Amino acid sequence: MLDKLGTKGILGVLLLLAGIAVIAIQNLIIAAGIGLVVLGFVLTAWGLVSGLMASFGMGGMMGGGFE
């Protein structure tokens, strides 16, 4: 999975986790909420992209779907 993200993607994930960690130092509940929001965005984007790819006949390319 990491080879598909590339350098910018890995840096982005690390910055995202570091940001949530900084917030968690102050308030754990808020950090958990932000983590859930980010997870929701990721799952929504995954659903949109897999639906778009399925409409082009490439539905199996996302891999490991929840459907």
Side-chain angles (χ1 to χ4, degrees):
M1 179 181 100
L2 294 177
D3 58 337
K4 293 185 181 185
L5 276 177
T7 305
K8 290 180 185 176
I10 293 171
L11 182 63
V13 169
L14 290 176
L15 287 174
L16 179 70
L17 292 175
I20 292 175
V22 168
I23 294 169
I25 290 171
Q26 290 297 317
N27 193 329
L28 194 58
I29 303 283
I30 293 174
I34 291 173
L36 289 174
V37 168
V38 169
L39 183 62
F41 278 137
V42 168
L43 290 176
T44 301
W46 187 346
L48 288 172
V49 170
S50 64
L52 180 67
M53 290 180 74
S55 70
F56 287 122
M58 299 181 289
M61 298 193 69
M62 287 296 284
F66 293 113
E67 294 90 35

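Note that the numbering runs from 1 along the sequence shown for the chain. Everything numeric here is computed off the predicted structure, so don't read it as measured data.
When the side-chain contact (heavy atoms from CB on, under 4.5 Å) test is applied to Ala24, the partners found at least two apart in sequence or on another chain are Leu28, Ala31. For Leu17, the side-chain contact (heavy atoms from CB on, under 4.5 Å) criterion is met by Val13, not counting sequence neighbours.
Atom-to-atom distance recorded for Ile25:CD1 and Ile20:CD1 is 12.5 Å, nearest 0.5 angstrom.
Heavy atoms from other residues, nucleotides or ligands lying under 6.0 Å from CD1 of Ile29 number 12 at most.
In terms of hydrophobic clustering, with Ile, Leu, Val, Met, Phe, Trp and Tyr side chains grouped at heavy-atom distances under 4.5 Å, Leu39 and Trp46 are assigned to a common cluster. A chain of hydrophobic side-chain contacts below 4.5 Å, direct or via other Ile, Leu, Val, Met, Phe, Trp or Tyr residues, connects Val49 to Phe56.
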